[in-house]
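Everything below concerns the one structure shown next.
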Amino acid sequence: GAGVSQSPSNKVTEKGKDVELRCDPISGHTALYWYRQSLGQGLEFLIYFQGNSAPDKSGLPSDRFSAERTGGSVSTLTIQRTQQEDSAVYLCASSLALGQTYEQYFGPGTRLTVT
Amino acid sequence: GNSVTQMEGPVTLSEEAFLTINCTYTATGYPSLFWYVQYPGEGLQLLLKATKADDKGSNKGFEATYRKETTSFHLEKGSVQVSDSAVYFCALSVLDSNYQLIWGAGTKLIIKP
């Protein structure tokens, strides 16, 4: 079956512009996670959804970052007024349910470059 | 707090050598432990996992045993191949962190023919 897909695969944007990153989880997966992978910070958790709800937004790096999920499926991560330090690979993962025994399946990521 | 520490790389080995990548963790409660692998140009893939103490995860010739007494989850393989060259990440998941994956820094493995 289809895995987690993300779009775009690459995004180059100018500092100060807004960007929107999209994640399509595996069908039927209720839990969805966003992570960021950067050279300086390694892999860091941003936010998770259980259904359409994001109970904990404390992992988002600043108030320029927001995320939503609609219909229990597609999620978008929006970064407003991008800064150079936002440059990273943004990874989305989904799992069948929320719980530590459930495997998280990762998408290929969106490489964001802020110039 | 919850954290994962893994050995720094890169680790360079010859083909057919024995591999160990060390991983230790700190966690509140009872975590599940994972090894993920990222091959060059590819996304993260789960390599193996263990959900309780003394469990052994295994896949593709790799093994790791969940050791609660030493809070470790070391990755081993008896005979590595060039195709094993990748970055390996140790991670944990636990209830009080909302089951997010908490990651080690990653270890780059280079296998020379």
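Here the structure is a predicted model, which means the values were calculated and not measured. Naming convention: chains lettered A, B, ... in sequence-line order (proteins, then strands); numbering from 1 in each chain.
Following chains of ILVMFWY side-chain contacts shorter than 4.5 Å, one cannot reach Tyr105(A) starting from Leu32(A), and the two form parts of different hydrophobic clusters. Val80(B) and Val11(B) fall within the same hydrophobic cluster, where Ile, Leu, Val, Met, Phe, Trp and Tyr residues are linked whenever their side-chain heavy atoms come under 4.5 Å apart, directly or through other members. Each of Val87(B) and Leu75(B) belongs to its own hydrophobic cluster when Ile, Leu, Val, Met, Phe, Trp and Tyr are linked at side-chain heavy-atom distances under 4.5 angstrom. Under the 4.5 Å side-chain heavy-atom criterion for ILVMFWY residues, a single connected hydrophobic cluster contains both Val37(B) and Val4(B). Hydrophobic clustering (side-chain heavy atoms under 4.5 Å, transitive across Ile, Leu, Val, Met, Phe, Trp, Tyr) keeps Leu96(A) apart from Tyr99(B).
Heavy atoms closer than 4.5 Å to chain B are found in the side chain of Leu91(A), but not in its backbone. For Leu92(B), no part lies near chain A; criterion is any non-hydrogen pair under 4.5 Å. In this structure, the portion of Gln37(A) lying under 4.5 Å from any heavy atom of chain B is its side chain and not its backbone.
For the set Gly41(B), Ser93(B), Gly43(B), the count of heavy-atom pairs under 4.5 angstrom toward chain A peaks at Ser93(B). When Val89(A), Val4(A), Leu43(A) are compared by the number of non-hydrogen pairs under 4.5 Å with chain B, Leu43(A) comes out ahead. Among Gln45(B), Glu42(B), Gln38(B), the residue with the largest count of heavy-atom pairs under 4.5 Å with chain A is Gln38(B). For the set Gly99(A), Pro108(A), Gly109(A), the count of heavy-atom pairs under 4.5 angstrom toward chain B peaks at Gly99(A).
Applying the 6.0 Å contact sphere to CD of Glu14(A) captures no more than 12 heavy atoms from other residues, nucleotides or ligands. The number of heavy atoms from other shown groups lying within 6.0 Å of CD (Glu8(B)) does not exceed 12. Atom OH of Tyr102(A) sits in a sparse spot, with 12 or fewer heavy atoms from other residues, nucleotides or ligands closer than 6.0 Å.
When each of Tyr35(A), Phe45(A), Tyr33(A) is paired with Leu101(B), the side chain to side chain contact (heavy atoms under 4.5 Å, CB included) condition holds for Tyr35(A) and for no other.
At a heavy-atom separation below 4.5 angstrom, chain A is approached by Leu46(B), Lys49(B), Thr51(B) within residues 46-61 of chain B. For a heavy-atom cut-off of 4.5 Å, chain A lies close to Tyr30(B), Pro31(B), Ser32(B), Phe34(B), Tyr36(B) in residues 23-36 of chain B.
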Run Trp103(B) and Phe106(A) through ring pair (Phe, Tyr, Trp, His ring centres under 6.0 Å) and show every step you take. CA-CA 14 Å; Trp103(B) 302 89; Phe106(A) 282 80; 5.8 Å; yes
